[in-house]
Amino acid sequence: MTELQQSILTLKKKKNAVILAHYYQEKGIQEIADFVGDSLQLSQKAATVDADIIVFAGVYFMAETAKIVNPTKKVLVPDLKAGCSLADGCPPDAFKAFLAQYPNHKVVTYINCTAEIKTLTDIVCTSSNAKRVIDTIPLDQPIIFAPDKNLGKYLIAETGRDMVLWEGSCIVHEAFSLEKLVELYKLNPTAKIVAHPESETHILQVAHYVGSTSGMLNYVKASEAQEFIVATEAGILHQMQFENPAKTLIPAPSKEDNTCACSECAFMKINTLQKLYDCLLSEQPEVLLSEEVIEKALIPIERMLAIN
Ligand code: 13P
Ligand code: SF4
């Protein structure tokens with residue numbers, strides 16, 4: 001353990017704080033977190049935190065969700081600029097105008113959206129429970145799904161429901177190249193391809209397994225295969241390799257040249273150990289939401305949590 005990691009642990013104890021981290025965080029942050037998980041597990045965990053402070057090492061919409069489900073806690077983020085292309089690509093005013101075009105539709109939103117978008121939502125979902133959430137909606141009820149069109153298309157195929165989709169996407173998962181992936185698979189024919197459902201349809205069609213970050217981790221652990229091509233953010237490789245030291249994990253290739261770190265989410269990787277220490281020390285930046293937003297955004301999140 002480094003000196004900085006040790007200092008964070010000491011400060012965390014003194015301040016009665018817990019650190020929640022997503023699987024895409026850098027290795028050093030995952031190592032000292034109290035809990036590492038996917039976005040569903042992190043929201044469930046955040047709701048039960050008893051400590052005074054939650055330091056959220058992930059992206060901003062995840063920290064906002066923690067504040068909504070546990071509003072009496074102080075929720076800190078290492079860097080306010082940890083956005084998400086899906087959340088940023090769905091501004092509330094444009095979304096309200098979009099909803100107005102489809103009256104009588106139930107609004108299902110992927111958790112990767114802002115708190116304000118959640119206030120306009122009937123039920124939230126994550127990639128690990130999206131199919132289950134949609135299956136609870138009566139078959140004759142039309143649905144809007146936002147903001148990820150790739151996850152939306154995948155869910156239309158999985159559920160057989162004809163949903164209206166918002167045109168958003170994840171810049172990280174759209175960077176994978178099908179052509180290069182197929183070439184890589186030909187060189188490693190015993191490998192299994194695992195992909196996050198934010199990836200484009202053609203990538204999902206060649207994957208042996210499609211699922212959330214925790215779903216992919218479970219699949220790789222349970223599989224008898226020894227090699228895996230992993231089409232998601234590279235931060236997951238830390239936990240995957242830790243759980244499967246003897247298995248070979250190959251990051252899926254991106255459309256850009258091979259030297260670019262396209263499978264790294266720049267938003268997730270804006271957080272560093274130093275920023276984590278600094279935010280714990282100064283108790284800034286803090287996630288602040290109005291009582292009205294918290295109250296309204298909690299309703300669709302609680303509906304989702306009840307399904308689990
Ligand atoms: P998970 O819910 O699978 O952790 O995904 C979150 C995310 O942002 C994927 O890009
Ligand atoms: Fe958002 Fe994509 Fe980064 Fe996930 S990987 S936080 S969806 S930009």
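Sequence positions, counted from 1, serve as the residue numbers for this chain. Both counts, for ligands and for their atoms, begin at 1 and track the order of listing.
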| remark: Here the atoms of ligand 1 under 4.0 Å from any heavy atom belonging to Tyr24 are 7 (C), 9 (C), 10 (O)
| Is the His202-Phe176 ring centre distance short of 6.0 angstrom? | no
| request: Taking atom types as modelled, find out whether Gln239 and Glu243 have a side-chain donor-acceptor pair closer than 3.5 angstrom. | output: yes
| field | Minimum-distance protein heavy atom relative to atom 2 (O) of ligand 1 | value | Ser39 OG, 2.4 Å
| task | Report the part of Ser85 (side chain from C-beta onward, or backbone N, CA, C, O) that has a heavy atom under 4.0 Å from ligand 2; answer both or neither where that applies. | result | both
| Among protein heavy atoms, which lies nearest atom 5 (O) of ligand 1, and at what distance? | His196 NE2, 3.2 Å
| said: Using a 4.0 Å cut-off to any heavy atom of Leu86, which atoms of ligand 2 qualify? | reply: 7 (S)
| Between His173 and Thr232, do the side chains contain an N or O donor and an N or O acceptor separated by less than 3.5 Å? | yes
| Hey, are the side chains of Ile301 and Val69 touching, using non-hydrogen atoms and a 4.5 Å cut-off? | yes
| query | Where on Glu233 is there a heavy atom closer than 4.0 Å to ligand 1, on the side chain, on the backbone, on both, or on neither? | reply | neither
| note | heavy-atom search around atom 1 (Fe) of ligand 2 in the protein gives Cys84 SG, 2.4 Å
| task | Check whether NZ of the Lys or CZ of the Arg Lys192 lies under 6.0 Å from the centre of the six-membered ring of Phe228 and within 45 degrees of that ring's axis. | result | no
| task | Take every heavy atom of Glu233, measure it against each atom of ligand 2, and state whether any distance is under 4.0 Å. | result | no
| request: May I ask you to list the atoms of ligand 1 that are less than 4.0 angstrom from any heavy atom of Ser127? | output: 1 (P), 2 (O), 3 (O)
| Under 3.5 Å, N or O to N or O, is Thr126 touching ligand 1 that way? | no
| request: Specify whether Phe95 and Phe98 have parallel, tilted or perpendicular ring planes, treating 30° as the upper limit for parallel and 60° as the lower limit for perpendicular. | output: parallel
| remark: Asn112 heavy atoms within 4.0 Å reach ligand 2 at atoms 7 (S)
| said: Test of understanding: given a 4.0 Å heavy-atom threshold, classify the contact between Asn112 and ligand 1 as side chain, backbone, both, or neither. | reply: side chain
| query | Of the backbone and side-chain N, O or S atoms of Cys170, does one lie nearer to atom 3 (Fe) of ligand 2 than 2.8 Å? | reply | no
| query | Just distances here: any N/O of Ser212 and N/O of ligand 1 closer than 3.5 Å? | reply | no
| Can you tell me which residue and heavy atom of the protein come closest to atom 6 (C) of ligand 1, and the distance to 0.1 Å? | His22 NE2, 3.7 Å
| Can a salt bridge be assigned to the pair Arg161 and Asp135 using a cut-off of 4.0 Å between side-chain N and carboxylate O? | no
| note | Residue, atom and distance of the protein heavy atom nearest atom 3 (Fe) of ligand 2 read Cys265 SG, 2.4 Å
| Any ion pair linking Glu224 and Lys247 (charged N to carboxylate O, less than 4.0 Å)? | no
| Looking only at side chains, do Ser214 and Asp38 share a donor and an acceptor under 3.5 Å apart? | yes
| message | Is it true that Thr121 and Thr109 share a donor-acceptor pair across their side chains at a distance under 3.5 Å? | response | yes
| said: What I want to know is whether Thr213 and ligand 1 share at least one N or O pair that is separated by under 3.5 angstrom. | reply: yes
| Considering only protein heavy atoms, which is closest to atom 9 (C) of ligand 1, and at what distance to one decimal place? | Glu198 OE2, 3.1 Å
| Side-chain donor-acceptor pair present, Tyr23, Glu233, cut-off under 3.5 Å | no
| request: Apply side-chain hydrogen bond (donor to acceptor under 3.5 Å, both in side chains) to Asp79 and Asn271, showing your working. | output: CA-CA 6 Å; Asp79 193 321; Asn271 296 329; over 6 Å; no
| said: So for Met268, does at least one of its heavy atoms come nearer than 4.0 angstrom to any atom of ligand 1? | reply: no
| query | Closer than 4.0 angstrom: is that true for some heavy atom of Gln41 and an atom of ligand 1? | reply | no
